[in-house]
Amino acid sequence: MALLCASTSPTISIPHPLLSPLKPPATFLCHSSSSKTSAATASSPTADQTPSSSSSLSDQLLPLSLTLLTSQPTSPSATVAPPPRLPAKPTWTNPSKPRPTVLALRRQSRRPFSHNPSLRPLTELSRTLRLSPDLPSALAAAFPPGHSPSRDDALLLLNSLRSWQKSLQFLDFLRSLPDFPLDTIFYNVVLKSLRAGHQWHHVERLAGEMIDASVPLDNITYSTIITAAKRCRRFDGALHWFERMYRTGLMPDEVTYSAVLDVYARLGRREEVVTLYERACAGGWRPDAVAFSVLGKMFGEAGDYDGIRYVLKEMKELGVKPNAVVYNTLIQATGKAGKPGLARSLFEEMVAAGVSPNEKTLTSLIKIYGKARWSRDALELWERMKSKGWPVDFILYNTLLSMCADLGLEDEAEKLFEDMRRPDRYARPDSWSYTAMINIYGSGGKPDRAVKMFEEMLEKGVEPNVMSCTCLIRCLGKAGRIGDAVRVFETAMERGIRPDDRLCGCLLSVAALCEEGGETDMVLGCLEKANDRLVGLLKMLRDEQVGFGEIKDEFRGIMNEAAVEVRRPFCNCLIDVCRNQGHPSRRANELLRLGNLYGLYPGLHARTPEEWSLNLRSLSVGAAKTAFEEWMRSLWGSVVEQEEEALPLSFSVCTGSGTHKFSQGLATSFTSHLSKLAAPFRQVDEKSGSFVASKEDLVLWLRSTFSPAFVNA
DNA sequence: TTAGGGTTAG
């Protein structure tokens, strides 16, 4: 995304109607140029239509956002969660002038579909053409010289081809006919077909041909091009064509406009979206459900709760009734913004308004309830779905199963899974369903059941994926069945499953659990096939002679290659392996230092005047012990250096209670570690996973535990 | 489906 953003912010120099108007209504910013604008033509913009300075679209829109759209100037370059300029309604400063607009208020009209009396033979021909392996020959046979198809017949046939290659061939055929009226509509149909085939290169080429042949591009052309670019993730291309539209003097209508709002939203350019939205509203546009869906999704992705409330308020004020898509988008958005309560009340509002929830609504809600650990709400919703006969599909079933896996709801998961296995169900268990079941048994310490699930999956011909193998390997590793875990890995390799970073992290964690010697070597043998660099780093860590600088370089290289979400688990597991496999004792500390250096453990330490605390919630057991030891060592340093006065009266450690029913519980391991050390931390009664010690007790303990020289060790 | 925009899973 970062790359995309960089490549889509080129300096754009366009005569944007907001700034250098091509049309009379947009004269408010360029008072002196109003007499020249009428001379502007669509195809040859003159020099004085170009903005005086080269700047990006966002820069060009900034003056507008400052003067018209908000009372609070915001930085145009803000890229991190800019607050939406919410209730600031556009104020029109000069009501005597017509409101400038950024979009045509009337949607482009379409020609009514003409009914063809000879539809039947045409239907047969369209089928023949659709199935023909050689379309040019089939067309030559169907339309010999002198028997060209009528315009409407050609359009109908073109529409029915369902293949972008054939659409292009059909277009070539029409071009070869003498005097065939090849107008914008034909190109639009082919563009749509290319879009379905994700053929961005051909889309741009064909649009270029339209320009060369002087076939006018209309709103439908532009919106098809822009959505094709989106589908191919060429957001730069989408913006390029949108800007070209203005350059040639064509005003977007609401369809093109909301397509572009979505482009800006997907680029995370929320400032532009809000500006463009408010700008169009000021010009008299009444946004519809699609526009609100785009805005709602964008605010949800940004976790912006105020933004979501703004969308709801705008819809209410403008009297736009949300449809199912808008509700779905907003429910999902509120979930992403961490507001499960609002998601639930939106859902109730939806049902009360008579809008039927569909599979997507229910999938989003179940996911939200699961994440919020609202098992009661989730199960009640499931009962309600069944009693109301709301639509269910396999994605919803799998989401329910995953929720059960996350919340440890084994019985409920088994019922759901049995339901899916019923022969009359179209929602048959797939690899996701089996993975969820393996996960449930794995977390519940039932490796035999998990293995049975895996075997059943293979028997039923359901191809395992990397996630199902990872879950089973983790489960077997935890149960100490290393040989079985290795066999599952080998099965995965034989079936052509490509190991990903999560599987590597899983193997690392299994390696940490192994007994030194043969078992570890077996697991590392697997890991070497998946990520030999990690195994290389482990060898370096084991070697006394390797210096910290070398470790640091290799660590950084590996983390840069790894997906962001696995970097901390990698570091945790590496520390565990070092502690459990007899590596030089300083290695765990070096790794923790590197993890801190590269920001893998944000918020590990916190200080208030009254209390210093250590937050171990995202650490593995080994990493937590290492972090605790380092902390104690640094506190001992303060004592030795006679800086005791600077210490607070209280110290706390937080491991988290592990809300997961089956979680191994860092709290448990850490409690026994503390008692082994005879450290004076005591569990706080009302808060499990929270430990405190007084300064007095801690200093006493430090003095009895460490020698004065230890701090320099 | 019938020339154009927005919504579901580790």
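Convention: sequence-line order gives letters A, B, ...; per-chain numbering from 1. The shown structure was predicted, so the numbers you read here are calculated from the model rather than taken from an experiment.
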K.L.:
Under 3.5 Å, is there a donor-acceptor pair linking the side chains of A/Trp241 and A/Glu204?
P.N.:
yes
K.L.:
Classify the side chain of A/Thr224 and the base of B/dG4 as holding, or not holding, a donor-acceptor pair under 3.5 Å.
P.N.:
no
K.L.:
Using a cut-off of 4.0 Å on non-hydrogen atoms, how would the nucleic acid contact of A/Val326 be classed: base, sugar-phosphate, or nothing?
P.N.:
base
K.L.:
Give A/Ala289 one of three labels, base, sugar-phosphate or nothing, depending on what nucleic acid heavy atoms sit under 4.0 Å from its own.
P.N.:
base
K.L.:
With the side chain of A/Asp218 defined as its heavy atoms from C-beta on, choose the nearest nucleotide among B/dA3, B/dG10, B/dA9.
P.N.:
B/dA3
K.L.:
Can you find a donor-acceptor N/O pair under 3.5 angstrom joining the side chain of A/Thr256 to the base of B/dG4?
P.N.:
yes
K.L.:
Does a side chain donor of either A/Asp218 or A/Thr184 reach within less than 3.5 Å of an acceptor in the other side chain?
P.N.:
no
K.L.:
When all nucleic acid strands are considered with a 4.0 Å heavy-atom cut-off, which category describes A/Val189: base, sugar-phosphate, or nothing?
P.N.:
sugar-phosphate
K.L.:
Does A/Arg266 make a side-chain N or O approach to OP1 or OP2 of B/dG5 shorter than 4.0 Å?
P.N.:
no
K.L.:
Between B/dG10 atom P and A/Leu407 atom CG, what is the distance in whole Å?
P.N.:
13 Å
K.L.:
Can you see whether A/Ser468 engages A/Ser431 through a side-chain donor-acceptor pair at a distance of less than 3.5 angstrom?
P.N.:
no
K.L.:
Between the base of B/dG10 and the ring of A/Trp432 - centre-to-centre under 5.5 Å, planes within under 30° - is that a stack?
P.N.:
yes
K.L.:
List for me each residue that meets ring pair (Phe, Tyr, Trp, His ring centres under 6.0 Å) alongside A/Tyr434, sequence neighbours excluded, and say none if there are none.
P.N.:
A/Phe417
K.L.:
Write down the distance between CG (A/Leu295) and P (B/dT7), rounded to a whole number of angstrom.
P.N.:
13 Å
K.L.:
Where the side chain of A/Val290 is defined as all heavy atoms beyond and including C-beta, which of B/dG5, B/dG4, B/dT8 is the nearest nucleotide?
P.N.:
B/dG5
K.L.:
Scan A/Asp183 against the nucleic acid and name what it touches under 4.0 Å (heavy atoms): base, sugar-phosphate only, or nothing.
P.N.:
nothing
K.L.:
Output the rounded distance in Å from CG (A/Leu503) to P (B/dG10).
P.N.:
19 Å
K.L.:
Does a distance-only test, which skips hydrogens and angles, find a donor-acceptor pair under 3.5 Å between the side chain of A/Asn328 and the base of B/dT7?
P.N.:
yes
K.L.:
Suppose we call a contact any N or O donor and acceptor under 3.5 Å apart; does that hold for the side chain of A/Arg110 and the base of B/dG4?
P.N.:
yes
K.L.:
Would you kindly say whether A/Glu414 and A/Tyr441 are connected by a side-chain donor-acceptor distance under 3.5 Å?
P.N.:
yes
K.L.:
Do NZ/NE/NH1/NH2 and the carboxylate oxygens of A/Arg384 and A/Glu348 come within less than 4.0 Å?
P.N.:
yes
K.L.:
If you compare every side-chain N and O of A/Gln108 against the phosphate oxygens of B/dG4 (OP1, OP2), does one of them come in below 4.0 Å?
P.N.:
no
K.L.:
Round to a whole Å and report the spacing from CG of A/Leu330 to P of B/dT8.
P.N.:
12 Å
K.L.:
Checking all strands, does A/Phe394 fall into the base, sugar-phosphate, or nothing category for heavy-atom contacts under 4.0 angstrom?
P.N.:
base
K.L.:
Rounding to the closest angstrom, what is the interatomic distance between B/dG5 and B/dT1 at atom P?
P.N.:
14 Å
K.L.:
Using the ring centroid of each side chain, check whether A/Tyr369 and A/Trp382 are separated by less than 6.0 Å.
P.N.:
no
K.L.:
Indicate, with a heavy-atom threshold strictly under 4.0 Å, whether A/Asn323 touches base, sugar-phosphate, or nothing.
P.N.:
base
K.L.:
Mark yes or no for a side-chain to base donor-acceptor pair under 3.5 Å between A/Thr227 and B/dG5, with no hydrogen or angle criteria applied.
P.N.:
no
K.L.:
Would you say the base of B/dG5 and the side-chain of A/Arg107 have a donor-acceptor pair closer than 3.5 Å?
P.N.:
yes
K.L.:
Report the nucleotide, chosen from B/dA9, B/dG6, B/dA3, that has the shortest atom-to-atom distance to any side-chain atom of A/Thr399.
P.N.:
B/dA9
K.L.:
Using a cut-off of strictly less than 4.0 Å, decide whether A/Lys192 has a side-chain nitrogen or oxygen near OP1 or OP2 of B/dA3.
P.N.:
no
K.L.:
If only side-chain N and O atoms of A/Lys367 are considered, is one of them under 4.0 Å from the OP1 or OP2 phosphate oxygen of B/dG10?
P.N.:
yes
K.L.:
Can you check whether A/Asn398 has a side-chain N or O nearer than 4.0 Å to OP1 or OP2 of B/dG10?
P.N.:
no
K.L.:
Taking the minimum atom-to-atom distance to the side chain of A/Val325, which one of B/dG6, B/dG5, B/dA3 wins?
P.N.:
B/dG6
K.L.:
With the threshold set at 4.0 Å, does a side-chain nitrogen-carboxylate oxygen contact exist between A/Glu209 and A/Arg205?
P.N.:
yes
K.L.:
Could you pull out all residues at least two apart from A/Arg195 that satisfy side chain to side chain contact (heavy atoms under 4.5 Å, CB included)?
P.N.:
A/Lys192, A/Thr224, A/Thr227, A/Ala228, A/Arg231
K.L.:
What is the nucleic acid contact for A/Thr329, judged by heavy atoms within less than 4.0 Å: base, sugar-phosphate only, or nothing?
P.N.:
sugar-phosphate
K.L.:
Taking only Lys NZ, Arg NE, NH1 and NH2, and the carboxylate oxygens of Asp or Glu, determine whether A/Lys386 and A/Glu383 approach each other closer than 4.0 Å.
P.N.:
yes
K.L.:
What is the distance, to the nearest angstrom, from the CD atom on A/Glu301 to the C1' atom on B/dT7?
P.N.:
11 Å
K.L.:
For the P atoms, the ones on B/dT2 and on B/dG6, what distance do you get once it is rounded to whole angstrom?
P.N.:
14 Å
K.L.:
Return the residues of residues 344-364 of chain A meeting this criterion: a heavy atom under 4.0 Å from some atom of DNA chain B. Order them by number, or give none.
P.N.:
A/Glu359, A/Lys360, A/Thr363
K.L.:
Which residue pairs satisfy the salt bridge (charged side-chain N to carboxylate O under 4.0 Å, His left out) criterion with at least one member in residues 328-338 of chain A, sequence neighbours excluded?
P.N.:
A/Glu301-A/Lys336
K.L.:
A/Arg231 CZ to B/dG4 C1': how many Å, rounded?
P.N.:
11 Å
K.L.:
Considering only heavy atoms, which members of residues 199-216 of chain A lie under 4.0 Å from some atom of DNA chain B?
P.N.:
none
K.L.:
In whole angstroms, how far is the P atom of B/dT7 from the NZ atom of A/Lys297?
P.N.:
4 Å
K.L.:
Holding to side chain to side chain contact (heavy atoms under 4.5 Å, CB included), I want the full list of residues that pass it with A/Asp183, two or more places apart in sequence or in another chain.
P.N.:
A/Arg151, A/Ile185, A/Phe186
K.L.:
Determine the contact category for A/Asp253: base if any of its heavy atoms lies under 4.0 Å from a base atom, sugar-phosphate if only primed atoms, P, OP1 or OP2 are that close, otherwise nothing.
P.N.:
base
K.L.:
How many Å lie between CD on A/Gln332 and P on B/dT8, as a whole number?
P.N.:
4 Å
